[in-house]
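Working notes for the structure below.
So that the names make sense, note that chain A is the first sequence line, chain B the second, and so on, each numbered from 1.
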Amino acid sequence: GIQVEQSPPDLILQEGANSTLRCNFSDSVNNLQWFHQNPWGQLINLFYIPSGTKQNGRLSATTVATERYSLLYISSSQTTDSGVYFCAVVSNFGNEKLTFGTGTRLTIIP
Amino acid sequence: NAGVTQTPKFQVLKTGQSMTLQCAQDMNHEYMSWYRQDPGMGLRLIHYSVGAGITDQGEVPNGYNVSRSTTEDFPLRLLSAAPSQTSVYFCASSYSESGTISYEQYFGPGTRLTVT
C-alpha cells in the first residue's frame, strides 16, 4: 500500500518562530489532509489539500502532487500550536482508506 | 450540526468482556470508518462503510465487528476484549461518491479504552 513519511519527527521551537513540516507519499493521491492533534487528543482538521496551496491565518499548506509531497507552514508559532501534526492521504490505487503518517511532534516553548 | 459524536469518552474493561463503541454523524455522510491510535503512532483503519448495509475490513480488523443499519450510525463491537485492544478509538465520516473518499474526512473526539 501507499507509504506516508513525515519529517521531522520532533521539532522544538521558541514562541514566535516559523516552521515547515513535510509529508512525502509514495503514490499518486486523490485526497490529502493535514490534522493537528492537540494535547487533549482531539484531531482538528487543518487543510484538505490534494493539490495546490491554501492559507488559513498563520497556517498555510502546499501540495505538489506530481512530486508526491506536501508542506505545512506555521508562522509566528504560539504555545497553542503544540501537539502532533499528521498528514493523511488516500491513494488513487487500491482500497479506499485514509493512510496516516506517523506525525511530527511540535513543542513551542514560551 | 453536532458533527461526529462518540460515546463513551472513557471505558475500562476486563479481559473477555464485550462492549460497543457508539458513533453517530448528522452530516448525511455515506462514508464512515473506525480507526485506532496507539502511543507514538498514527491512526490505523479497523473497518469502514461506504453506505448503509455495506461494510469492509481495514488494516487491523481482527477482534472487531461492525454493522451499518442506518446512514447516521456506525457502532464498533468488541466481542471479547483483550489487553492488545487498549487504545484510543476514533470514528470518522465523509461525503462519498460511488464509494470513493476523495473528500474531507471529519473525526469524532475519540474513546479511550483500557483493557485489564
A:Arg22 atom CZ, over 12 foreign heavy atoms within 6.0 Å: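 More than 12 within 6.0 Å, yes.
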Can you tell me if CD on A:Glu15 sees more than 12 non-hydrogen neighbours from other groups inside 6.0 Å? yes
Hey, which of A:Val4, A:Leu32, A:Ile44, A:Asn45 has the most heavy atom pairs under 4.5 Å with chain B?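 Max contact count across the listed options: A:Asn45.
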In terms of heavy-atom pairs under 4.5 Å, which option from A:Gln37, A:Gln6, A:Gln42, A:Arg105 contacts chain B the most? A:Gln37
Which one wins on heavy-atom pair count under 4.5 Å against chain A: B:Gly42, B:Gly110, B:Gly108?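 The candidate making the most pairs under 4.5 Å is B:Gly42.
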Within residues 49-75 of chain A, which residues come under 4.5 Å of chain B, heavy atom to heavy atom?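 So far as heavy atoms go, nothing in residues 49-75 of chain A approaches chain B to under 4.5 Å.
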Establish whether [X] and [Y] are linked, either directly or via other cluster members, by ILVMFWY side-chain heavy-atom contacts under 4.5 Å.
X	Y	result
B:Leu76	B:Met19	yes
B:Ile46	B:Leu21	yes
B:Leu13	B:Trp34	yes
A:Phe25	A:Leu98	no
A:Phe86	A:Leu21	no

Roughly how far, to the nearest 0.5 Å, is OH of B:Tyr35 from CG of A:Leu43? 10.5 Å
Nearest-0.5 Å distance, CZ of residue B:Arg44 to NZ of residue A:Lys97: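 So the gap between those two atoms works out to 10.0 Å.
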Could you tell me if the ring centre of A:Phe35 sits under 6.0 Å from that of B:Phe107? yes
A side-chain contact here means heavy atoms from C-beta on lying under 4.5 Å apart; do B:Tyr103 and A:Asn31 qualify? no
Any heavy-atom pair between the side chains of A:Thr99 and B:Leu45 that's under 4.5 Å?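 Answer no - side chains too far apart.
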Between A:Gln33 (side chain) and B:Glu104 (backbone), is there a donor-acceptor pair under 3.5 Å? no
